[in-house]
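Shown next, in structure tokens, is the structure this report addresses.
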Amino acid sequence: MTDEQDEHVDAVLALVAQIPPGRAMTYGTIAEVLADRALAEGRRPFGGPRHVGRALARAGSGVPWWRVVNAAGRPPARHATRALALLTDEGTPLSEDGERVVLRRAIWFPDD
DNA sequence: ACATTGACTAATT
DNA sequence: TAATTAGCCAATG
């Protein structure tokens, strides 16, 4: 946890923790935000979307991981049912079939 | 050092 | 709109 690699993991967790209820972010968006942030602070470049997923798989418990969805607005297949139930409870805008988040309405940026 | 894998994405069909 | 393909990056064996 003292390596810069692990600081990247912490950065992912910190950002995901800030996503408000009823909103969501994509893996790609998170990667972009952290990449810009790393550039601004002179840290090593952030890997990419897959790195976000890996970070959550490893240390995702403890943060609202269900508010992170892929570019299609769908949660990871493995936890899809559970995630969609939580998203529904929070009032997150969902498509008619209830299987994917309407990113146009639910996408969130740290600015808010 | 090489091959495989994964909570991904974008472009193509 | 949905399925397929190729690209991607770090971890793991």
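Since we're looking at a predicted model, the values are computed, not measured. Chain identifiers are assigned alphabetically (A, B, ...) following the order of the sequence lines, protein sequences preceding nucleic acid strands; residue numbering begins at 1 within each chain.
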Once salt bridge (Lys or Arg N to Asp or Glu O under 4.0 Å) is applied, what residue pairs with a partner in residues 71-92 of chain A remain, sequence neighbours excluded? A/R67-A/E90
Pairs touching residues 98-112 of chain A that satisfy salt bridge (Lys or Arg N to Asp or Glu O under 4.0 Å), sequence neighbours left out: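 As it turns out, the salt bridge (Lys or Arg N to Asp or Glu O under 4.0 Å) pairs with a partner in residues 98-112 of chain A, which skip direct neighbours, are A/R23-A/D112.
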May I have the distance from [X] (atom [atom1]) to [N] (atom [atom2]), rounded to whole angstrom?
{"X": "A/F46", "N": "B/dC8", "atom1": "CZ", "atom2": "P", "value": "13 Å"}
{"X": "A/Y27", "N": "B/dA10", "atom1": "OH", "atom2": "P", "value": "14 Å"}
{"X": "A/L56", "N": "B/dC8", "atom1": "CG", "atom2": "C1'", "value": "12 Å"}
{"X": "A/R44", "N": "C/dA10", "atom1": "CZ", "atom2": "P", "value": "8 Å"}
{"X": "A/M25", "N": "B/dC8", "atom1": "CE", "atom2": "C1'", "value": "15 Å"}
{"X": "A/I107", "N": "B/dT9", "atom1": "CD1", "atom2": "C1'", "value": "14 Å"}
{"X": "A/H51", "N": "C/dA11", "atom1": "NE2", "atom2": "P", "value": "6 Å"}
{"X": "A/I30", "N": "B/dA7", "atom1": "CD1", "atom2": "C1'", "value": "11 Å"}

Enumerate the residues from residues 85-98 of chain A whose closest heavy atom to DNA chain B is under 4.0 Å, giving them by residue number; use none for an empty result. none
Could you list by number each residue of residues 60-71 of chain A showing a heavy-atom separation from DNA chain B of less than 4.0 Å, or answer none if no residue does?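 Only A/W65, A/N70, A/A71 qualify.
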Checking side-chain contact (heavy atoms from CB on, under 4.5 Å) for the pair A/V63/A/I19: CA distance, chi angles, key distance, verdict? CA-CA 10 Å; A/V63 298; A/I19 305 175; over 6 Å; no
What is the distance from atom [atom1] of [X] to atom [atom2] of [Y], rounded to the nearest 0.5 Å?
{"X": "A/L86", "Y": "A/T92", "atom1": "CG", "atom2": "OG1", "value": "9.0 Å"}
{"X": "A/L15", "Y": "A/F109", "atom1": "CG", "atom2": "CZ", "value": "10.5 Å"}
{"X": "A/H8", "Y": "A/L34", "atom1": "NE2", "atom2": "CG", "value": "8.0 Å"}
{"X": "A/H79", "Y": "A/W65", "atom1": "NE2", "atom2": "CH2", "value": "5.5 Å"}

Please give the remaining members of the hydrophobic cluster of A/V102, linking ILVMFWY side chains under 4.5 Å, ordered by chain and number.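 Grouped by the 4.5 Å side-chain rule, A/V102 forms a cluster of one, so the answer is none.
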Under 4.0 Å between any heavy atoms, over every strand shown, what does [X] touch: base, sugar-phosphate, or nothing? Just pick one.
{"X": "A/G28", "answer": "sugar-phosphate"}
{"X": "A/R50", "answer": "base"}
{"X": "A/P76", "answer": "base"}

According to side chain to side chain contact (heavy atoms under 4.5 Å, CB included), who are the partners of A/E41, at least two apart in sequence or on a separate chain? A/R37, A/R43
Looking only at atom P, what distance separates C/dG7 and B/dA7, rounded to whole Å? 22 Å
